[in-house]
Amino acid sequence: MKILVTGGAGYIGSHTCKLLAQMGYEPITYDNLSTGHKEFVKWGPLIIGDLHDTNKITQILKNYCPTAIIHFAASAYVGESVTDPFKYYWNNVGGTLSLLNGMRKTNINKIVFSSSCATYGVPEVELINESCPQKPVNPYGQSKLMIEQILRDLADKEEIKHICLRYFNAAGADKEGEIGEKHYPETHLIPLAIFSGLGQSALSIFGTDFPTPDGTAVRDYVHVEDLARGHILALEHLLSGGESDFINLGTGKGNSVREVLSTIKELGIHAISHDAPRREGDPASLVADKSKAMRILKWQNEYKNIKQILSTAIAWHQKTTSLTN
Ligand code: UDP
């Protein structure tokens, strides 16, 4: 069974393609390689194309006749979305509309969409469930929420069924070390902390005065392979006639920036860090209530703690850093 994966050359997309292939599906990657990596596409064909090219995406859908779409392709830097909001609405909302246009023309009516906990904004609860108000605080989160709304309206018209997966902080790397996190520029905590420990520049700890136990921000780090499995379970939910829905993917446990750094240290990487002011728009704490994913998708995170997650990330970065030195 063919599944078209937009953004299949990216971080979560490539891990999902690997798992799709292991489970007997044929992933067809559609990616413009603006941030993705050609060498991450190993489990099916790569079509280099842009989502805005409706004719091309429609032709690809006609040629391959995929049973469903898993849609990752997006611009995904929160900070950049604040400085260049148009890019985020154009790429994320505009690109998705073009894809949906192609799906409608070819009668492909199932999509798993990569949404985000950024749609919740600054929540007032400890554990975020799917009914919490969605009030994004940056254009990235807003663009994802707009797409959720479009998909909700199309589902009401019974045109296209969807599962929107709102993920928390994707982390770690493939346990076989074939693929991992590789962003240019890198802005995420875990890779930057590891790079610092491997001799690159010191890490800034953004905010030490949050209302959290140690004053640094708390996030729910979920392993990328667990995310990949969540996508396949969501796909199978739709294939077996399940209803459209919005589902969190997170572990239900949070770790602070300092906890991440001390765990990396326990694993032998001594990151150099210094305290810095808060980064604009960073909530104090974002932790998922995962009960809906467990109930609807029978999903559970296999990586149970931050140490397991970090050890896969360290293995990946050590391998890729030694290759580039
Ligand atoms: N963070 C930090 N220093 C960095 C990068 C991130 O202190 O150089 C903090 C950031 O403020 C947030 C957490 O680490 O509280 C996770 O940030 P990341 O960018 O990895 O993911 P986000 O939660 O922004 O999606």
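Start at 1 and go down the list; that is how both ligands and their atoms are numbered.
Looking at Leu203 against ligand 1, only its side chain comes within 4.0 Å, counting heavy atoms. Contact annotation: for Ala276 versus ligand 1, there are no heavy atoms closer than 4.0 Å. If you look at Val257 next to ligand 1, the close heavy atoms, those under 4.0 Å, all belong to the side chain. Of the heavy atoms in His188, both backbone and side-chain atoms come closer than 4.0 Å to ligand 1.
A donor-acceptor pair shorter than 3.5 Å can be found between the side chains of His71 and Thr6. For Tyr88 and Glu80, the side-chain atoms include at least one donor-acceptor pair closer than 3.5 Å.
In terms of protein heavy-atom proximity, atom 19 (O) of ligand 1 is nearest to Arg279 NH2, 3.1 Å. Ranking the protein heavy atoms by distance from atom 5 (C) of ligand 1 puts Thr187 O, 3.5 Å first. Considering only non-hydrogen protein atoms, atom 15 (O) of ligand 1 sits nearest to Ala217 CB, 3.1 Å. Atom 11 (O) of ligand 1 has its closest protein heavy atom at Asp282 OD2, 2.5 Å.
At a threshold of 4.5 Å between non-hydrogen side-chain atoms, the residues Leu51 and Asn32 do not count as touching.
Close approach of ligand 1 to Leu192 (heavy-atom distance below 4.0 Å) involves ligand atoms 8 (O).
Residue contacts with ligand 1 include Ile205, since one or more of its heavy atoms lies under 4.0 Å from the ligand.
Classification of the Tyr303-His223 ring pair by plane angle, with boundaries at 30° and 60°, yields parallel. The aromatic rings of His231 and Phe72 sit tilted, their planes meeting at an angle between 30° and 60°. Ring geometry for His15 versus Tyr11: interplanar angle over 60°, hence perpendicular rather than tilted (30 to 60°).
The same ILVMFWY cluster, assembled from side-chain heavy atoms under 4.5 Å apart, contains both Leu227 and Tyr25.
Proximity of a side-chain donor or acceptor of Tyr30 to a complementary backbone N or O of Leu61 within less than 3.5 Å is not detected.
Heavy-atom contacts from other residues, nucleotides or ligands closer than 6.0 Å to CD of Glu126 number 12 or fewer.
Between Leu189 and ligand 1, an N or O atom pair is found at a separation short of 3.5 Å. Looking at Asn169 next to ligand 1, an N or O pair under 3.5 Å apart turns up.
In this structure, of Tyr167, Tyr140, Phe206, Tyr221, the residue bringing a heavy atom nearest to atom 16 (C) of ligand 1 is Tyr221.
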